[in-house]
Asker: 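Could you have a look at this structure, given as structure tokens, before my questions?
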Amino acid sequence: MRDLTEKQFVAAMARNGFTKDESLLNGFRHPDLPKPMFMTVLIQTSGHRGALKSALEYLKKAQAETTGQ
């Protein structure tokens, strides 16, 4: 499976509610997360596709904790 391009990665993050924080290199914010996510290391180790998957898993876990599930 091919990796995502940076443009595809940013678009996928936006579709899932993340906004790019221009003050942070590869930093993204989401209203359900208390702190921004820094994606540089994840991108370097897992590629853009792996970083997206990790961000979505983290978001899902945080949302589940918030709703008490």
Side-chain angles (χ1 to χ4, degrees):
M1 184 182 300
R2 283 187 0 198
D3 195 16
L4 301 172
T5 65
E6 182 176 358
K7 188 174 182 177
Q8 291 170 322
F9 172 73
V10 172
M13 291 289 280
R15 280 192 306 272
N16 288 286
F18 288 88
T19 55
K20 184 147 177 53
D21 188 332
E22 297 300 329
S23 67
L24 304 169
L25 180 63
N26 289 322
F28 290 84
R29 295 186 182 275
H30 191 282
D32 292 345
L33 298 175
K35 297 180 182 178
M37 291 190 71
F38 300 98
M39 305 303 288
T40 303
V41 172
L42 281 171
I43 292 169
Q44 290 174 346
T45 59
S46 304
H48 287 99
R49 187 175 301 278
L52 175 63
K53 181 180 177 187
S54 179
L56 294 176
E57 287 173 356
Y58 180 69
L59 176 61
K60 184 178 178 181
K61 180 181 175 190
Q63 289 172 333
E65 289 174 359
T66 301
T67 60
Q69 293 181 347

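Counting begins at 1 with the first residue of the sequence. The basis for the numbers below is simple: all heavy atoms, side chains too, and nothing from hydrogens, waters or symmetry mates. For clarity, every value in this text was computed on a predicted model and none was experimentally measured.
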Asker: Of all heavy-atom pairs between E6 and N26, which one has the smallest distance, and what is that distance?
Answerer: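 Result for this residue pair: OE2-OD1, 4.5 Å.
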
Asker: Please round to the nearest 0.5 Å and tell me the distance separating atom NZ of K7 and atom NE2 of H48.
Answerer: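 Going from NZ on K7 over to NE2 on H48, the span is 13.5 Å.
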
Asker: So which heavy atom on S46 is nearest to which on A51, and how close?
Answerer: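 Residues S46 and A51, closest heavy atoms: CB-N, 4.2 Å.
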
Asker: Using a 4.5 Å cut-off between side-chain heavy atoms of Ile, Leu, Val, Met, Phe, Trp and Tyr, which other residues end up in the same hydrophobic cluster as M13?
Answerer: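 For the cluster that includes M13, the remaining residues are L4, F9, V10, F18, F28, L33, M37, M39, L42, I43, L52, L56, Y58, L59.
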
Asker: Please name the pair of heavy atoms, one in P31 and one in G17, separated by the smallest distance, quoted to 0.1 Å.
Answerer: CD-O, 3.7 Å

Asker: Who are the side-chain contact (heavy atoms from CB on, under 4.5 Å) partners of T45, not counting sequence neighbours?
Answerer: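 T45: side-chain contact (heavy atoms from CB on, under 4.5 Å) contacts with V41.
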
Asker: Give a yes or no on whether Q8 atom CD has more than 12 heavy-atom contacts from other residues, nucleotides or ligands under 6.0 Å away.
Answerer: yes

Asker: Can you tell me how far NZ of K61 sits from OG1 of T66, rounded to the nearest 0.5 angstrom?
Answerer: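 The NZ atom of K61 is 11.5 Å from OG1 of T66, to the nearest 0.5 Å.
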
